[in-house]
A.B. asks: 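Below: one structure in structure tokens.
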Amino acid sequence: MENAITQLKFYIEQSQNILIVGHKNPDGDTIGSVLGFYGLLKKLNKNVVAIFPDEAPEFLKWLPFYNEILIFDTHEKKIIEFLSTVDLIIGLDFNEKIRMGKIAEFIEQINCNKAIIDHHPYPDPFFDIIISDVEVSSTAELVFRFIESCQWINTIDINIATCIFTGIMTDTLSFNVNAHRPSTYITAAKLLSFGVDKNDIHQKVFYSYSEQRMRLLGYALHKKMKIIHEWSTGYIWLNKEELKNFCFQKGDNEGIVNYPLNIKGIKLAALFLEKENYIKISMRSIGNVPANEIISKHFVGGGHLNAAGGEEYNLSLEDTLKKFESILPLYKTYLLEK
Ligand code: 5GP
Ligand code: MN
């Protein structure tokens, strides 16, 4: 990885027009990483454009630089124009090119240097330079490590630090998940020293529910959560009508999937949302239960061992739930392990 870091630093120094891209359905880690990197490159006097396939959820739109980014869905022409002049493309927080959505086709055709900084397992070598570490809390933490290795730490300011801190904070659910390594806290401490207001970020990210979102959560837990104790599994499912009734907004599902894990003995949790022409699945697990393998083998998608997501395109919501229940015995050794 040290080689990849040196190489990317060299490419950044040599490049003028740089594109930074995050993944679709952007979460706090991809957004914090992209915006932090964007702020850094601007201060290094680069002509930089930051893009996402689609918009951020409301609770992340307050982040510094968010109003400077381009969304592919609405700025396709401008982005394609910039691509014709681009020297370097940097992807943050994804390990498969399909996570970039439609923009992937255009990026593939461009002949320039391309790099990825990411913490997902099994990175697909679709870009030349891969800075990947699965043993890190978040891509944002890895971005910070990259900046430190390049000796650009003095370029960091409160805005850049706020973006990176938010990436770490959201991906670890406020330092609760995948946050057992000292390095995460050392990084967080360094970021705080730039003046980051942790309480303010926490307030904006976690205490920003609309009334409807809170009531949807209550409804989901009360009426739509099935607990299968014999398989140490719990899941929640919501159909189109329910989502409409609660005025579902992008990001309103954030966090719901984790709740079944709060029940003693539950090791695997899933959330199924009925979308227009597919079922969106989120999965979380504890210990060795491989959420990413369950998704990638039986649905379309992937992710980390304990946090994965994907889609089911061919079945109704009801049949997706049946399929999910029917595959649980395949994971008996993990689910029944004491
Ligand atoms: P969430 O359940 O919050 O949507 O996603 C949890 C994690 O699963 C993400 O951080 C990402 O690593 C992964 N993930 C979510 N959706 C997809 C998907 O469609 N494809 C892949 N490969 N990974 C996904
Ligand atoms: Mn992400």
Side-chain angles (χ1 to χ4, degrees), residues 20-37 52-57 59-60 63 91-102 104 116-124 126 132-134 136-143 163-164 166-173 176-179 205-206 220 234-238 248 250-261 268-273 275 277-286 289-313 320 324:
I20 312 173
V21 52
H23 65 72
K24 66 179 173 190
N25 283 325
D27 57 11
D29 193 20
T30 199
I31 296 171
S33 299
V34 166
L35 298 180
F37 219 89
F52 292 102
D54 52 344
E55 274 197 37
F59 65 85
L60 292 167
L63 274 164
L92 296 172
D93 194 39
F94 56 92
N95 61 350
E96 293 170 307
K97 60 175 179 249
I98 59 160
R99 299 279 283 146
M100 289 184 280
K102 261 202 290 177
I116 283 287
I117 303 181
D118 180 44
H119 71 135
H120 291 91
Y122 321 116
D124 184 4
F126 57 95
S132 163
D133 186 354
V134 177
V136 74
S137 70
S138 51
T139 297
E141 187 181 331
L142 199 48
V143 164
C163 296
I164 298 174
T166 304
I168 299 174
M169 193 182 197
T170 51
D171 236 36
T172 59
L173 286 182
N176 278 312
V177 188
N178 200 5
V205 171
F206 295 107
Y235 68 82
I236 292 167
W237 73 105
L238 294 163
F248 184 85
K250 191 171 198 161
D252 281 2
N253 55 311
E254 210 65 41
I256 296 183
V257 61
N258 295 85
Y259 279 93
L261 295 179
L268 179 66
L271 171 69
F272 300 88
L273 299 179
K275 299 284 184 174
N277 42 27
Y278 64 97
I279 310 298
K280 165 75 188 148
I281 307 164
S282 285
M283 208 166 278
R284 301 290 185 270
S285 66
I286 49 177
V289 183
N292 51 0
E293 188 189 316
I294 298 175
I295 293 270
S296 64
K297 279 217 171 123
H298 306 282
F299 304 98
V300 179
H304 307 277
L305 182 72
N306 295 134
E311 287 110 30
E312 166 61 60
Y313 289 96
T320 305
F324 176 62

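The first residue of the sequence shown is numbered 1, and numbering continues consecutively from there. Just follow the structure's listing: the first ligand is 1, and inside any ligand the first atom is 1. If you're wondering where the values come from, they're calculated on a predicted model, not measured in any experiment.
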A.B. asks: Measuring from Lys97:NZ to Ile116:CD1, what's the distance to the nearest 0.5 Å?
C.D. replies: 11.5 Å

A.B. asks: Ignoring water, what protein N, O or S atoms are under 2.8 Å from the Mn ion (ligand 2)?
C.D. replies: His23 NE2, Asp27 OD1, Asp27 OD2, Asp93 OD2

A.B. asks: Are the side chain of Thr30 and the backbone N or O of His23 linked by a donor-acceptor pair below 3.5 Å?
C.D. replies: yes

A.B. asks: Roughly how far, to the nearest 0.5 Å, is OG1 of Thr172 from CD of Glu141?
C.D. replies: 9.0 Å

A.B. asks: Assess the side chains of Asn306 and His304: does a donor N or O sit below 3.5 Å from an acceptor N or O?
C.D. replies: no

A.B. asks: Rounded to the nearest 0.5 Å, what separation is found between the OG atom of Ser285 and the CG atom of Asn292?
C.D. replies: 8.0 Å

A.B. asks: Without hydrogens or angle criteria, can the side chains of Ser138 and Asp171 be said to hold a donor-acceptor pair below 3.5 Å?
C.D. replies: no

A.B. asks: Are Phe272 and Phe324 an aromatic pair, judged by ring center distance below 6.0 Å?
C.D. replies: yes

A.B. asks: Output side-chain donor-acceptor pairs under 3.5 Å for residues 250-258, partner residues at least two apart or in another chain, one line each.
C.D. replies:
{"unit_1": "Lys250", "atom_1": "NZ", "unit_2": "Asp54", "atom_2": "OD2", "d": "3.0"}
{"unit_1": "Lys250", "atom_1": "NZ", "unit_2": "Glu55", "atom_2": "O", "d": "2.8"}
{"unit_1": "Asp252", "atom_1": "OD2", "unit_2": "Gln249", "atom_2": "N", "d": "2.9"}

A.B. asks: Using heavy atoms and a cut-off under 4.0 Å, could you grab the residues that are in contact with ligand 1, chain by chain, numbers ascending?
C.D. replies: Asp27, Glu96, Arg99, His120, Lys280, Ser282, Arg284, Gly301, Gly302, Gly303, His304, Ala307, Ala308, Gly309, Gly310, Glu311

A.B. asks: Which salt bridge (Lys or Arg N to Asp or Glu O under 4.0 Å) pairs, counting each pair once, include a residue from residues 301-312, with sequence neighbours left out?
C.D. replies: Glu312-Lys323

